[in-house]
Trainee: 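Let me begin by handing over the structure; questions about it come next.
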Amino acid sequence: MKTFSTDHPLASLLDPAGSPWSAVAATVVALDGTPLAMQPTAAVRNSWRDRPIGAVRSVEVRALQSADALAFHLRWADDAANRDHGDNTVFPDAAAIALPLHADAPLITMGAPGAPLTAWFWRADSGNQGFEVRAEGPGSTRITGRTVQANALWSDGVWQLVLARSLAGEGTADSIALASGQASRFGVAVWEGAHGERGGLKAFSGDWRELLLA
Amino acid sequence: MPGIKRQMAMVMDLNKCIGCQTCTVACKTLWTASEGMEHMFFNTVNTMPGEGTPRGWEAMGGGFPGGEAQLGKLPAIGEFGDAWKYNHEEVFYGGKGQDVHLGVQGEAPTWGPNWDEDQGGGEFPNSFFFYLPRLCNHCTHPACKEACPRGAIEKREADGVVVVNEDRCRGYRHCMEACPYKKIYFNHVSQVSQKCIFCFPRLEQGVAPACARQCPGRVRFVGYRDDQDAPIWKLVDKWKVALPLHPEFGTEPNVFYVPPSAPARFDADGRMDESKPRIPDEYLVSLFGERVLEALQTLAGERAKAARGERSELMDLLIAYRWQDMFGGFDRDPQTIKWVEA
Ligand code: SF4
Ligand code: SF4
């Protein structure tokens, strides 16, 4: 996927229904459930054996790049918006864009020891607060930054979400530094809260895809 | 359990529990009075037979049925019994005199943490009930800890107390699904799972947990599981009269119960039939396993001994003449400590 450059300020990119996005061609990314064997605990593996993981099967991804920021736009079908922890029994919908922090970081296991990845993460109960997280394997995810901006909109059975951050990032090893002309890779994950998806139970893009910055 | 130096444990004598909920309130006041914790009771006391809290918890699954880890049901707040809202403000400060009365506001509740109090089971004149106080069992094989993909639950090395690391917890609630005793609550304000901590800040100062120290019934013994000079080991290992609840769940609890001895039944003519206990054996077996029958026999034998005026170590232990002796050395008076809020 190529990002497109835009003269629009970041503020206008943050509107998921905003006009800058309508001109951008979508990359349709097919999603699969995370493999059962990758679930880190026996209780989860045993209890999800006969239950499909990964309710959302595809997502449209777009990316726009302003002078100093990168914004991803995700669009996927979801009959009902789950915005909170629904009285214990359901979970908020969530989505993330993963980016490698190391050339050998495997996406399928959320990185590996010594080969971390980062993700720009949004959860429906966190408002416009997006999170930068870092992981080096299943269950190791931790929040490393809060400069990712998120804005989500649900209507007529469709979620639209913008995740944006400055290109330069926070200047730490946990925060990926991006620049014009750079070639990187990305992955996508979507959690369907009504289906009990959280943590390692999610739909994801399988392997890294190319990300070419304008 | 590997990595655990010693294990704290509790024994509760169900023959002495009067269902007063002092334990529940002691715990509530100390640990779950903050925002988001309104519906939480780390300690509960329910009437058995009964559905308890969360409603029907015994059938919600989780634990290790047949040795395999399983996730059970996620109980909703209403199944625990939400904190009911009252019109205190209006009644006490509203200036309306006798025109208003205290009552639950909003939708009428359909369950509570002690909804089926004193209902019990059996048919008159052989109806029966007893109280069952419950808290987290600080299991040797903690289903909650083993289910958490983030390693957010820790079993403390020094005392085996099972605690949630709220900095690691991301609110996935696999612990809540996995605990077959349904002793984990979810805080919707801080968005983390919360549970009984066996009052470990008190333990660290030599003070018994609040539920035990405040119990007016002298029901609760506390101490290290392996302390051969203290009541826990004597009741569990020497006399074998204290048993875990639902051992078939497979988590190896460290909370044990002295089962309730029942009076005899009435026969069809209204005469006492000493051959059968009022609480059916099958029911107690369903709660505490087959070994409960042996424990009841031991208790009956020792009680008869004491009734004959003979000395019984077991009866002396259970009577707990000196209540401080119930705490296996954790008998320091909390008033002698200057506590600071973190
Ligand atoms: S009772 Fe439940 S919450 Fe407590 S240690 Fe055992 S499995 Fe965990
Ligand atoms: S305080 Fe003691 S007697 Fe009262 S309900 Fe609790 S365990 Fe039973």
Trainee: Pick one of side chain, backbone, both or neither for A/Asp84, based on which atoms fall under 4.5 Å of a heavy atom in chain B.
Mentor: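 Answer is neither: A/Asp84 stays 4.5 Å or more from chain B.
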
Trainee: Can you classify the ring geometry of B/His188 versus A/His85 as parallel (below 30°), tilted (30 to 60°) or perpendicular (above 60°)?
Mentor: perpendicular

Trainee: For A/Gly199, does its backbone N or O pair with a side-chain atom of B/Arg150 as donor and acceptor, under 3.5 Å?
Mentor: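 A pair under 3.5 Å: no.
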
Trainee: Quick one: does any side-chain atom of A/Asn88 pair with a main-chain N or O of B/Pro75 as donor and acceptor, under 3.5 Å?
Mentor: yes

Trainee: Side chains of B/His174 and A/Gln39, heavy atoms from C-beta outward: is any pair under 4.5 Å?
Mentor: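 No, side chains not in contact.
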
Trainee: Taking atom CG of B/Asp118 as the centre, report whether more than 12 heavy atoms of other residues, nucleotides or ligands fall under 6.0 Å from it.
Mentor: yes

Trainee: Could you tell me which portion of A/Ser140 (side chain, backbone, both or neither) has an atom closer than 4.5 angstrom to a non-hydrogen atom of chain B?
Mentor: backbone

Trainee: Which answer fits B/Glu177, side chain, backbone, both or neither, if we ask what part of it has an atom under 4.5 Å from a heavy atom of chain A?
Mentor: side chain

Trainee: With chain A as the partner, which of B/Pro149, B/Gly72, B/Gly61, B/Gly62 has the greatest number of non-hydrogen pairs under 4.5 Å?
Mentor: B/Pro149

Trainee: Which heavy atom in A/Val90 sits nearest to a heavy atom in B/Arg173, and how many Å separate them?
Mentor: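 Nearest heavy atoms, A/Val90 then B/Arg173: O-NH1, 3.7 Å.
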
Trainee: Do A/Phe91 and B/Leu74 have side-chain heavy atoms sitting under 4.5 Å apart?
Mentor: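 A side-chain contact exists here, since the closest heavy-atom pair is under 4.5 Å.
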
Trainee: Could B/Glu146 and A/Arg45 be called an ion pair, given the rule that one side-chain N must be under 4.0 Å from one carboxylate O?
Mentor: no

Trainee: Going from CD on B/Gln70 to CG on A/Asn46, what distance comes out if it is rounded to the nearest 0.5 angstrom?
Mentor: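 Going from CD on B/Gln70 over to CG on A/Asn46, the span is 5.5 Å.
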
Trainee: Tell me whether A/Asp87 contacts the main-chain N or O of B/Ala76 through its side chain, where contact means a donor paired with an acceptor under 3.5 Å.
Mentor: no

Trainee: How far does CD of B/Glu79 sit from OG1 of A/Thr89, to the nearest 0.5 angstrom?
Mentor: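 Here the interatomic distance stands at 8.5 Å.
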
Trainee: Around atom CD of B/Glu166, are there more than 12 heavy atoms of other residues, nucleotides or ligands at under 6.0 Å?
Mentor: yes

